[in-house]
Structure formats: structure tokens, C-alpha cells
Asks: 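The structure under discussion is supplied below as C-alpha cells; questions concerning it will follow.
Naming: A, B, ... by sequence-line order, numbering from 1 per chain.
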Amino acid sequence: MTDLSDVKNVSPIGQPLRRREDQRFLTGAGQYTDDVVLPGQTYGVFLRSPYAHARIKSIDTTAASKAPGVVKIFVGADLAEAKVGGLPCGWLIHSKDGTPMKEPAHPVLAQGKVRHVGDQVALVVAETTLQAKDACELIEVDYEELPAVIDITKAAGVGSSVHDDVPGNVCYDWSHGDAAAVDAAFAKAAHVSKLSFANNRLIPNAMEPRAANAQYTKHDESYTLFVANQNPHVERLLMCAFVLGLPESKVRVIAPDVGGGFGSKIFLYAEETALVWASKRVGRPIKWTADRSEAFLTDAHGRDHSTTAELAMDAKGNFLALRVQTIANMGAYLSTFASSVPTILYATLLAGQYKTPAIHATVKAVFTNTAPVDAYRGAGRPEATYVVERIVETAARDMKMDPATIRRQNFITEFPYATPVGLTYDTGNYEAHLAKAITLADVAGYPARKAASAAKGRKRGLGYSCYIEACGLAPSNIAGALGARAGLFEAGEVRVHPTGTVTVFTGSHSHGQGHETTFAQVVAAKLGIPVENIEIVHGDTGRVPFGMGTYGSRSLSVGGTAIVKAVDKIIAKGKKIAAHLLEAADTDIEFENGEFKVAGTDKKIPFGSVALTAYVPHNYPLDKLEPGLNENAFYDPTNFTYPSGTYVCEVEVDPDTGVTRVERFTAVDDFGNIINPMIVSGQVHGGIAQGLGQAMMEGAVYDTESGQLLTGSYMDYTMPRADNLPNFTLAHTVTPCTHNPLGVKGCGEAGAIGSPPAFINALTDALGVRDIAMPATAERVWRAANNIA
Amino acid sequence: MYSFDYQRPTDRTAAAAAYQGEARYLAGGQSLIQAMKLRLSSSERLVDLGGIADLNGIKLDGGNVVIGAMTTHATVARSAEVQKAVPALTELAGGIGDQMVRNAGTIGGSIANADPAACYPAAIVGLGATVHTNKRTIAGDQFFLGLYETALQAGEIVTAVSFPATQKAAYIKYKQPASRFALVGVFVSQGAGGVRVAVTGAKSSVFRVNAMEQALGHSFTPETARAVVVPADDINSDLHGTAAYRAAMISVMAARAVAAVLAR
């Protein structure tokens, strides 16, 4: 680690600076939504459905309304009467027959039916949270329980319908790729490898649960919402335009310090929407903070696919075609970006790192009586990588080929490369990270380690995963053509103060990513001023220009580029001011190390003096230049970015118990250029922990009859902990992104994307089995190791 | 949490007198407080036993180590006396929960709660300990009656537990991966009264494996323990382990416990 003081006179780009924000996080000085207490504060608690599927025959709030401290109780009928809309879905998918996806109503408070355990039925506002909870218990709801639809493989066409207006429960039946070309390739294939598996359902478990605090201000008829959220402008747009019918100019959304999101805080949820609406009716601010049980029940979950994959090869193991059929769970309602995850963010990634010439995927999305499912760290790309890397590993075994060799033989080697699933990879060098990973993982020494394990009665296995992801979401025109109902640019504003310090306003949002450090490093390098002179502001629609927020590993490549473009405008204007002061032509001014210079002379003026002149324009070209030094930029990328890497996992199984230890884990990533290697390592560490968590232990389980969430607390939902994981060996290769000025690709999701198949490939290698289900619990491994059905 | 009345008496008599109405004793609170916060448990009154000095502490009494009911797991885990008399017990106490749980949770609270996956019940039965209350003494074998059910009567207070000093004992805890309670915990001892094998986590309450005790009485080896097949009939089955798996793990963990005893 490096202190700022150690790197004077060195470009801050590439320096492992300590995260500036950690001081306040680690000393209790963070300001999270729950820390915000407003004058006249009231507290909201949601009454939630105890049933997975039931018709609401009546709701009686008489007794609850009279309970001590109760301010007001709202139920679905109140919102219906006020003509409050339903929550929208931000991405339109069309079925293969051309019909649009089914978009059943997603009410803010239940209207007539509840559709999953935890569905919100009423909002109780009281003087304290405890009083609101007490009052909740006095609300009498008469439910008529209905059969719950839980199993995604049986949801389509089953008699019970989650939504009365979607009989059969199918949201869409989508396809992508060239089916005829795939069929033709399978017809001439020498061998077909086939595998069916589930991608297990996950619960996000951000450290900070969701929270909101909504205030209506009478004097200007405006609303302020504090909310634990990853994209406050998107939150405001969706809430105002589609649900509450409010002008955006009257609503300010502030996402202050946010303790992790992993995707789950991208979405517009019912709770904060209800709070904003109710805050005007109550006339006092209302705060709600989810308890951990609510988080388990109502945060949008992740993954939950059932898939069959087939890979056709010639006799030499060259890939000819890939065919994938997936059923994806949407849960009870369409969450904000749910429809795009198993389609646009999934099937487009099925080429992986390979030049498979023909690919076809069908994806059937179904409604079930479970919590909504939406983007979770990786969002579609982990599912795609799992499909590709499991079937490739299986193919290597079927063909009796070395798993590295079959990958290498099929790698894309020439760029740009247009895949058969609609993406164009701009750059990459897959052989480089594979070779580096093989060296760092000491694959050469593996046979000896395997023999040593065998001598102890243990089974050792080694598995690869060569992942690719599409990050830097996204070129708006491409996304729009694919059904996105929003733009995916990013905004940045750079405000230079008279004394030369700088405030940067970004539409990206940091909820653990360390933007306040990384972005400051970028600006410091560009302007040649110290990092500590730069303040990064994010997460407030009242301060930052309209931005799209943080998800999809987009912040540096898209948000960072917007900042770079704004800084470039600052420098361009600064050159004109400097030219005036130095009595030179604009075109003769160079900017370097924080100084404007007349090329070829020793005449120069520091950045700070130019800034001062811009605001004290006594000697200034006012006839042709506005005073001030304040610029903003919107950047819309021309392509996705394509981080890639090779992960090698080595496991040891105790066949007596099925307990599996990850003995070695090597990750070689190509993220393009790296601004802060320590932050990047932190992102990769966290991502691998989440990926191995998915593969080894995590999994949301609903009772298939009652629809109750069986893994509703940390007593039963197994999170990965430090003692479940080895020290990771991390390294990088670099092929800079070709279409953004920083040459960066994104690093936030790679670990979670690449690691599950590496682990399962290693484990199935150790056990000598074709497949094992995730999470590979000790009992599952024990049964596989001992041939117990 | 619902509101409740809170009492903190400083002696046993006052504690018993305070136990009125819908009351519960609070003895560390590492299970009770969590259940109350989730509104899964409510009491009109909590009688905190933490203020009663003579319920806390460890002493040697002849061939027994006597642990006061309000002695925390952390204290037992660090105790040189317990380490010397029954090393398996310090190891067991040091493996309960996490450091925060061990700093607050007590032996009396644990056994009175009788969680089916708690560790201490395995030691009580696996060592043939004696439970002392403010009214009587209860043999460890007779103390645990079922799921969260003990021989204690309403208002009766556990005051201490006596463990016979035993070097030849070991506890192997196979942790449920999420909660890290015992999925299967096996306590094996080879004491004056013969071999004892007590299992926690696998049924509604701690139990002895008689067939394994007899087999180990003839031949105290890991292989002997491993060879005993434990019937899966009334073994717990849940997300984290079917009955068949838990039953198999009893033999595996017992074999490891025997190996640990032999290594002492």
C-alpha cells in the first residue's frame, strides 16, 4: 500500500493508493440512509404476506389504526384510488413469435393478490418502528391461499397462474442466433457433448440492507428521497415518470454512502416508492430500513436458471456449434432489469473466448411465486460463462483432450472479432492469460500434488475457466435496438474552483467500488494536481448531472471517460486563457504536469493561476471567452468492453465427509489498463469469494409446496467466509480497450463470473463425475465420492 | 422485540422469587435475545442471572471440575484448571459460536435452553456430568428430555455443572456451514465408568450411541467407531444434511474423536 505522499512527482495512474473513503467507513463516520434523521421523522413498517400465493379477501386496519403511535396506514386500495401506477420494467424483450413480453402489473402495495412470501400488503407509519410493528400485528388480512408455483421447470403451463392475466406463467419465449446453421453443424458433427444443470438462485446480501427516507416539503411542493441505491437518476426517472406522475424537477434523490449493492440496489422497489407517495399524505418524513429477514425475502434475487447445453465438434475437437436451452426465473414480478438479464446479458456472451461459428439459444422466462429475480453481480454473464466453461470442460473429457489444449485450439486470435451472437470483441489475448495462469498455478506440479493427496486418502482435482464478459454498459443505440428503454451513457462535470481545487460530479455511484479514489487518480493525472485537491461527488440528483449509475462494471470505462472528456474541455479552455496570459497563440500552448507552456520556450503558467484568472478575469479575453472554468460531458460508448481472463482452481476432497477445500486459486485477468491495482485486487477478491460462494455453499431454497423461503437467515443461507477460501494468486495481462481514452475495461464482476465453473470443473475432475449441482454441498460431494444416489 | 420487565437480582433466592408470571431467566442471552428480537419469543419479565456472583466461576472439587452456571464459554475455553482436568471441555467451549457469543454465552444458559445442536449437551452426557440446581442435583443422562426440553421445573435455576476429571476425552464438531452449530457433534470419553459416545445436532436432543460404546469398550480404535453403522431412522434431516448423511457422519466424527483421545 502506498500513501499519497509517497507518490509525489509520479503519475497517480497505476498507483495502489489507499482508498480515501475508507477512513470514514472504518471510523464510523459514514452517512448511510439509516443515519439520516429528519425533523418530524416518522417510521414505516411494511406488513408482508405470509403466503407465497393468496387472494386477499379483505383487510381490516381498524384496530391497528388506533394503536399507540400510529400516524397513518396505507393499503393497496389507497394507492389504487390515487391512481398510483405499477413499477415499470426497463427492458422490452420480444418472444420468438414477435409478441412482446408479458408485463403484468407490479403494484406498489398488493392489489387483490399476494404473489410471494414477503410481498408488501400495507404500509404502517408510526412515531417509532416498534409502534409500527405492533400495529402491523393488529391488521387483519383474510387470505384465501392458492397453489404456489415454485419449480421453474414446471412453471410453464401449470394450472395455477401467478398473474391471472398471464395464464401459463410464461413471460417470454425468446431465441437468439442462427438455429438453422446450428442444426446443420450438429448434423455433420463427429461428437456432441451435452450437459444439463441449474445455475443456483442467490440472495445478494449487501452489508447494508435496503433503506429509504422520504420527505415532502410543502413550501415548494418538492420531495427528497434518501435511498440506498446504485443509480439515483434512474430511480427518480422511473418513479416520477411511470409510477407517481411527478415532475422530476420536484424530486431529489440522494443515495448517500451505500453499503454494497451487487446489483440489488439498481432497481426501483415498491418500498421507497410507497414512502415518497405517503410522505405527502402524512406531511412528515417517513423512514424505512429493511431488517435482515426482509432483505432475504424481498431484495431481488439473482441467477436461477435451468439449462441444457450441447456442443458439436469435429473429430479433432474444433467447436462447430453450440445449442443452449434455458428456463429463467423472473420471480413473482418483473423487476427493473429482470427481462434483460437472461437474454441480452446472457445469450450474447455464449461465444465465450471461442470461435464457435454457430450458436443458438432459446430462453423461456417464467413467473413463479418467489421474490423477483434480477441482476446480481455479473448478471447473465456468470450464467453464460458457466454454460460455456462447463460444456467446454466436459467436451475436453469426452474427447480425451487436455482442457487447456481444447480451449487454446478454439480461442479467438484475431481482433476485432464479430461473434455469431451479436457482439464485436475489440481486443484481447486469450493465450496470454491462459499461459500465465498455467505458470502461476504450477500446473506442471499438479500431478505430484494429486499423488500426495491420494496418499492421504483425498481426491484432488484441477479446473479451468476462461471467461469473457461484456462490460462498460452500454452503447445506447445498440441497447435501444435490443429493447432497452433507457440510455446507457454517463455524465461527468468538472468544476475548477478559483484556487485550483477541483470538484468532480459523476453520474456513477460508489457503493464499495472506491470511485472517490480511482476517479481522483484519473483527474489528478490529467490535471497534474495532487489527488487531495480533488473531491468526487456522486449519488445526488440535486448536485450531479443526469447519469445512469453504477452496474455492469461500467463506472470507470463509461463514467470515467465522461470525466476525462470534461477535463479535456477544461484543459482546452485553460489553453486559451494561458495563451492570452502568455501572449501566445492558442495552438502553441501545451499542457503538461500541471503547467501550461508555450511550446519550445520556457514561458509557462501553472494550472492554479489559470483557474484564478478564469474567476478573476481582470486580464482576460472577455471578448471571445466566457469566464469560469466549469465543464461537463456526456459520454456514450461506441462498444462494450470485453474483460477476459483465465482462472485455475485446485480442490481437495475428503471423501469421508465430502468437505471440499479450495487449495489453490489463480486468477489472471485482462482488464485493460489499471488505474489503482489495489482496488482492482479488492474487487477480484470479493468477486471470487462470491463466485466460490455460489459454487460451494450459497443457494436460495424455497419449499416447493408452501413457497416458504427455507434459507431466510444466516442460520441457513451459507455465506462464504474467510476460512472457506485460500489465499488467491492474482495477476494481469493487458490489452488496452481500443475505444475509450483510458484503455480500461472494468473489473467489478469478473471474479464472480469466472470462478464458479473453475471450481465445479476442478471438483468434477477430483470426483471423476460428469457433473455436480451447485452449491456443491458436502453431502452432495460425499454422495458423488461414494456413489450414493 | 416486545417490551418486557427486566430484573437483575444479586442472589439466588431473590432470583427465584422474581420468577413470576410469564418469566424467563436470562443467562447470557445468545439464543433468547435473538429470538426476542425476531419476535419469535416474548416474555413479560426477564430475570437476569448475571448479577449473582456465586453462579460464576470454576473450581476443583475432588475429582470433579465444577463450573458455575453463569461462567462464559470464553472463560471455560481459557481456564487452566479446566484445561488440566478435562482438556476436551476447553476445546469444546472454545469452538462455540464466535468470540462475541463466547464472551456472553454461559454453560447454564446453553444447557437450560437445550438447543438440539448445542455443543455443551454432548459434554454433559459424554462425560456423565452432574447438573446442580437451586433445588437438587440431576444426573447429566437424565437432564435432556427432548427438543428445547430439560428436566428443569418452572423457575428452577441451574447453579453449576460438575464434570469428572477426564483426560481421555475428545469432542469433534462437524459444523453446519451456515450457522456453524453442530451438524453432528460427537463427544467420546474413556473414563472410569467406561466408554461414552454422546452425539449432538443429529436428533431432537443429545443421545448416546450404545452400540458404539460397547464396540469401543472391546476395542478403542477409530476403525471400530467407523465400522459401527448408526441407523438413520430418527435422525434429523434438513437442507444441510439428510438423515443418512448425518448418520454416516456420526461414525466418521466418532472415529476422529477416538483418534483424538488416543493422541492425548
Asks: Kindly compute the distance separating CG (B:D238) from CG (A:D716), expressed to the nearest 0.5 Å.
Replies: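 Nearest 0.5 Å value for the CG-CG distance: 7.0 Å.
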Asks: Given that the side chain runs from C-beta out, which part of B:M1 has a heavy atom under 4.5 Å from chain A: side chain, backbone, both or neither?
Replies: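 Backbone of B:M1 only, per the 4.5 Å heavy-atom cut-off to chain A.
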Asks: Given heavy-atom pairs under 4.5 angstrom as the criterion, report whether the side chain, backbone, both or neither of B:A244 touches chain A.
Replies: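 Both backbone and side chain of B:A244 come within 4.5 Å of chain A.
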Asks: If you count heavy-atom pairs under 4.5 Å between each of A:G699, A:A778, A:S293 and chain B, which one has the most?
Replies: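 Among the listed options, the one with the most contacts to chain B is A:A778.
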Asks: What part of B:R39 lies closer than 4.5 angstrom to a heavy atom of chain A: side chain, backbone, both or neither?
Replies: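 The side chain, not the backbone.
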Asks: Given a strict heavy-atom distance threshold of 4.5 Å, which part of A:E698 is in contact with chain B: side chain, backbone, both, or neither?
Replies: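 Nothing of A:E698, per the 4.5 Å heavy-atom cut-off to chain B.
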Asks: For A:S713, is it the side chain, the backbone, both or neither that has a heavy atom under 4.5 Å from a heavy atom of chain B?
Replies: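 Nothing of A:S713, per the 4.5 Å heavy-atom cut-off to chain B.
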Asks: Check whether more than 12 heavy atoms from other residues, nucleotides or ligands sit under 6.0 Å from atom NZ of A:K456, and answer yes or no.
Replies: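 Counting neighbours around NZ of A:K456, more than 12 heavy atoms of other residues, nucleotides or ligands fall under 6.0 Å, so yes.
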Asks: What part of A:D723 is in contact with chain B, defined as an atom under 4.5 angstrom from a non-hydrogen atom: side chain, backbone, both or neither?
Replies: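 Just the side chain, heavy atoms under 4.5 Å.
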Asks: Return yes when atom CZ of B:R45 has more than 12 non-hydrogen atoms of other residues, nucleotides or ligands closer than 6.0 Å, and no otherwise.
Replies: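 Yes.
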Asks: Only pairs of heavy atoms separated by less than 4.5 Å count here; which of B:M249, B:H240, B:R180, B:R226 has the most with chain A?
Replies: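 Most heavy-atom pairs within the cutoff with chain A belong to B:R180.
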Asks: Please indicate whether A:R780 has more than 12 foreign heavy atoms, meaning atoms of other residues, nucleotides or ligands, lying under 6.0 Å from its CZ.
Replies: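 More than 12 within 6.0 Å, yes.
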Asks: Side chain, backbone, both or neither: which part of A:D703 has a non-hydrogen atom closer than 4.5 Å to chain B?
Replies: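 No part of A:D703 comes within 4.5 Å of chain B.
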Asks: Identify which part of B:L38 has an atom lying under 4.5 Å from any heavy atom of chain A, answering side chain, backbone, both or neither.
Replies: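 Contact with chain A involves the side chain of B:L38 alone.
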Asks: Give the minimum heavy-atom separation between B:Y174 and A:T657, together with the two atoms involved.
Replies: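 Closest pair (atom of B:Y174, atom of A:T657, distance): OH-O, 3.7 Å.
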Asks: Minimum heavy-atom separation for A:M715 to B:A178, with atom names?
Replies: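 The answer is O-CB, 3.4 Å.
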Asks: Looking at CG of A:D656 and OG of B:S251, how far apart are the two atoms once the value is rounded to the nearest 0.5 Å?
Replies: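 The CG atom of A:D656 sits 11.0 Å away from the OG atom of B:S251.
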Asks: Quick one: pull up CD1 in A:I788 and OH in B:Y245 and give me the separation to the nearest 0.5 Å.
Replies: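 Here the rounded value is 10.0 Å.
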Asks: Do B:T242 and A:R783 get their side chains close enough for a donor-acceptor pair, meaning under 3.5 Å?
Replies: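 There is such a pair between these side chains.
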Asks: Compare all side-chain heavy atoms of A:K133 with those of B:Y2 and state whether any distance is below 4.5 angstrom.
Replies: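 No - every pair of side-chain heavy atoms lies 4.5 Å or more apart.
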Asks: Of the backbone (N, CA, C, O) and the side chain (C-beta and beyond), which part of A:D291 lies under 4.5 Å from a heavy atom of chain B, both, or neither?
Replies: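 Answer is neither: A:D291 stays 4.5 Å or more from chain B.
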